[in-house]
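Please find one structure pasted underneath; my questions will follow.
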Amino acid sequence: MDPFLSLLSFLLHLFRASCDTDSESFVDVKVDRYFMPTRCPREVQSEDFVRYHFNGTLHADGKRFDSSHDRSTAIVSQVGSGRLLTGIDRGLQGMCVNERRKIFVPPHLAFGTVGAGGVIPPNATLVYDVLLLDIWSTEDQVQIRTTHKPESCIRAAAASDFVRYHYNGTLLTGQAFDSSYWRRTRTWDRASSSRAWRRGCWGCVWGRPGIAVPPQATLVYEVLMIDVFNSKDNLTITVKEVPESCSRRSKTGDFIRYHYNGTFQDGTLFDSSYKRNSTYNTYIGKGYVIQGMDQALQGVCIGEKRRVIIPPHLAYGESGVENLIPSWSVLVFDIHVIDFHNPKDPVEIRSVLKPPDCGQTSEANDWLQYRYNCSLLDGTLLYSSDQYDSPSVTTLGVNAVISGLEKGLSGMCVGERREVVIPPHWAHGEDGAAGVPGSAVLLFELELVDLQKGVPDGFMFVWLEDGPEPLFPAMDLNGDKQVPLEEFSEFIKLQVREGKGRLRPGVDQESIIRDMFYNQDSDRDGTIIEDEVQLKDDTVPQRDEF
């Protein structure tokens, strides 16, 4: 043979052998797992369904022949069922969601010696760059994993319950497709739910505008339970604290003052009277508050603390309160009853200590000196006479103190101690006073220190027995037929010392005597003569006054 032809034949043989190496070197698929996710709870097994994206290229020159990315539609198929190329079927085995791998498929596990439609040449080795998006099986059940559970779980959701919850919805790849946090919590009736929901899929919501959920997609919901309730629920009342003494419990028609913290079931605070530093005040059983609270305030003691769980149908229902309480919210109130009263309540007087020799008691026009502590019924001290240098003083019947205190001070003897409960209509009413809350029931602890009997209103001096007759000679101590202020003053003080007369108590004696003198000195010459003496008439003769 010609040497040149022999050399050419040898080179062609080497070239053919080189080309054949590309196809013959891959007896089975070759897998390059070039990206692995951190977490891989499950790998693809035979008969699993998978959803994946791929780019397909020719191994020989890298030319792309197909791509699911270009069609924006992932491939959905079953592994091991003969629906895929044998090489792809084998190459997907053991793959994790979010894993990326290159699968090198030899011709005999792809399109063989025939190729495909002029796109894939005969005997071509194919390279599939695959991103796995989903795995599932027809035997799969809903999987539930608790990531957080509160220490106290008063109630778990059951069939026919309503629930209110937040959720994030993602695909297995972690791509978000929906979230209640984008809008508001979702309310759902378990009784009318889908099969998946009944098995634990909390909130199967199929997408948000602009975010599509692909067909045959496994969904992952991260759920935070906000509320659970049933349309048949009633109030749940837990008594936290009751005072040792509870002589009276609230009833319909009473007016109550209480503090509260209002929260949702997850503990989120939505309102608090403590933050406003003001009690909530209302009538009980008259519909002025939500139905559940109206019921919860029945039968409480002053000072009692309660926790009240109110289902939505006894609270704000579907409407909620704008920007404060979402619709269908279960409300939790921790309440502290400060006081309550009825508009018909009288002043309540309890004698704590009464001296055995209690002869003379206080009445209208008497001058009193007394000690007191004024508190709210929860024990909060408002005022005390101990804050001052001396006990307080008042004259009964001249409206110098609140009407309830007038009643409490009446009929006391010196040394007596009392507790007086005064409802607001006998005290400072709805408006309150400096340091006294509106509609507050007050507790006074009283001790009468001194008592000086008084004179009728409008009088400055009264005779305690028949006065001297005739009067002027008795006043004219030196017998000179005229009585100056000094002589008049000495005469009046003598009557008081001898117990024959009484000056108005609680007022400066010199001022009273001076006023009495000027009332008699009609010509204002500084002396009183017999013609100027006039008696002030009264229905009781012994109480005549100059």
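Bear in mind the structure is a predicted one, so any value in this text is a computation, not a measurement.
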Closest non-hydrogen atom pair between Gly415 and Pro355, with its separation: C-CG, 3.8 Å

Are Arg155 and Asp161 ion-paired here, with the side-chain N under 4.0 Å from a carboxylate O? yes

Calculate, to the nearest 0.5 Å, the distance between atoms CG and CZ belonging to Asp339 and Phe255 respectively. 9.0 Å

Report, as yes or no, whether the 6.0 Å neighbourhood of atom CG on Asp480 holds more than 12 heavy atoms from other residues, nucleotides or ligands. yes

Distance-only side-chain donor-acceptor flag, Ser329 / Arg164, under 3.5 Å: yes

Counting heavy atoms not belonging to Glu498, are there more than 12 under 6.0 Å from its CD? yes

Nearest heavy atoms of Trp463 and Phe491, plus distance in Å: CH2-CZ, 4.1 Å

With a 4.0 Å cut-off, would you call Asp521 and Arg514 a salt bridge? no

Between Tyr372 and Phe444, how do the two ring planes meet: parallel, tilted or perpendicular, split at 30° and 60°? tilted

One should read off an interatomic distance between His166 NE2 and Ser180 OG, to the nearest 0.5 angstrom, of 5.0 Å

What do the steps show when you test Glu363 against Leu396 for side chain to side chain contact (heavy atoms under 4.5 Å, CB included), and what is the final call? CA-CA 7 Å; Glu363 60 183 347; Leu396 289 182; 5.6 Å; no

Could you measure the distance from the CG atom of Leu443 to the CD atom of Glu348? Nearest 0.5 Å is fine. 9.5 Å

So disulfide bond (SG atoms under 2.5 Å apart) across residues 354-395, not counting sequence neighbours, yields Cys358-Cys413

Nearest heavy-atom approach of Gln482 to Asp476 is O-OD1, 3.6 Å

Thr147 side chain near Glu222 side chain, heavy-atom distance below 4.5 Å: no

How long is the gap from CZ on Arg524 to OH on Tyr518, to the nearest 0.5 Å? 8.5 Å

Can we say Glu510 and Lys493 salt-bridge, meaning some charged N sits less than 4.0 Å from an Asp/Glu carboxylate O? yes

